[in-house]
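This report refers to the structure that appears directly beneath it.
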Amino acid sequence: MDIYQVTGLRKPEIVERIEKYNDLDEPTKELIQAAIAAKGRAYVQYSNFPVGAAFRAKDNRIFSGCNIESASFTPTTCAERTALCKAVSEGYTEFVAGAVVAYQENAFTTPCGVCRQFIMEFAPNDIPLFITKSQPNVEKSNDDFVLATSIYNLLPHGFRTYKKN
Ligand code: THU
């Protein structure tokens with residue numbers, strides 16, 4: 001039996017892969033560059049770990065965001081949610097792609113669990129997510145690796161409720 005048919009769960013529509021930055025299409029490079037620019041504005045005096053994110057809305061407009069920390073830690077907002085909150089508060093609630101950029105030597109920085117659920121809220125269908133490293137003040141190299149994944153890959157069987165879709 002097909003589990004997706006039986007359960008109504010959503011199947012990932014995008015196969016995860018590694019791409020080279022240079023091989024990406026121009027709209028994806030533009031999205032990554034918007035995330036890099038936002039990372040430069042990260043407010044991270046507690047972790048010193050800047051993150052940038054950018055989402056392309058259905059009408060093609062890009063919204064970017066950085067992480068914003070707080071002295072009491074709990075109110076910290078991740079870059080992904082900053083970008084989406086900016087967009088939603090401007091009336092944009094559906095997105096076609098996202099990018100997340102942060103630098104860790106030995107790991108790609110994928111969205112936290114809370115952000116995955118938040119992204120899914122505004123992605124009625126699976127959307128591609130491009131995760132990449134970028135050091136401060138270093139130009140993105142054409143050979144840099146990019147993890148091309150998607151929200152359904154990052155949050156399999158994510159919670160959906162009674163709302164539309
Ligand atoms: N952070 C993000 O902004 N996005 C992620 O995908 C992972 C974590 C932030 C939250 C906090 O400001 C810092 O990274 C360290 O956890």
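Whatever order the structure lists them in is the order used to number ligands and atoms, beginning at 1.
Rounded to the nearest 0.5 angstrom, F118 CZ and C78 SG are separated by 10.5 Å.
Formation of a donor-acceptor pair under 3.5 Å by the K39 side chain with backbone atoms of C66 is not found in this model. T28 places no side-chain N or O within 3.5 Å of a backbone atom of L24 that could act as its donor or acceptor partner.
Among all non-hydrogen protein atoms, the one lying nearest atom 8 (C) of ligand 1 is C78 SG, 4.1 Å. The protein heavy-atom contact nearest to atom 3 (O) of ligand 1 is A79 N, 2.9 Å. Taking atom 9 (C) of ligand 1 as the reference point, the nearest protein heavy-atom neighbour is N67 ND2, 3.3 Å. In this structure, atom 4 (N) of ligand 1 lies nearest to the protein heavy atom E80 OE1, 2.9 Å.
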Only distances under 3.5 Å count here; give the side-chain donor-acceptor pairs of residues 95-112 to other protein atoms, sequence neighbours excluded, each with its distance to 0.1 Å.
residue	atom	partner	partner atom	Å
Q104	NE2	T109	OG1	2.8
T110	OG1	R116	NH2	3.1

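The distance from ligand 1 to the heavy atoms of F49 drops below 4.0 Å at these ligand atoms: 13 (C), 14 (O), 15 (C). Remark: ligand 1 atoms within the under-4.0 Å shell around heavy atoms of T76 are 11 (C), 12 (O).
Residues meeting the side-chain hydrogen bond (donor to acceptor under 3.5 Å, both in side chains) test with Y46, sequence neighbours left out: none.
Judged by the shortest distance from any of its heavy atoms, T110 lies inside the 4.0 Å radius around the atoms of ligand 1. Using a non-hydrogen distance threshold of 4.0 Å, P111 registers as a contact of ligand 1.
For the pair K11 and Y152, the cation does not sit on the ring face, since its NZ or CZ is not both under 6.0 Å from the ring centre and inside 45° of the axis.
The protein does not reach atom 16 (O) of ligand 1 closely, with no heavy atom under 4.0 angstrom from it.
Where the criterion is an N or O separation shorter than 3.5 Å, residue side chain and backbone included, E69 meets it with respect to ligand 1.
If you look at C112 next to ligand 1, the close heavy atoms, those under 4.0 Å, all belong to the backbone.
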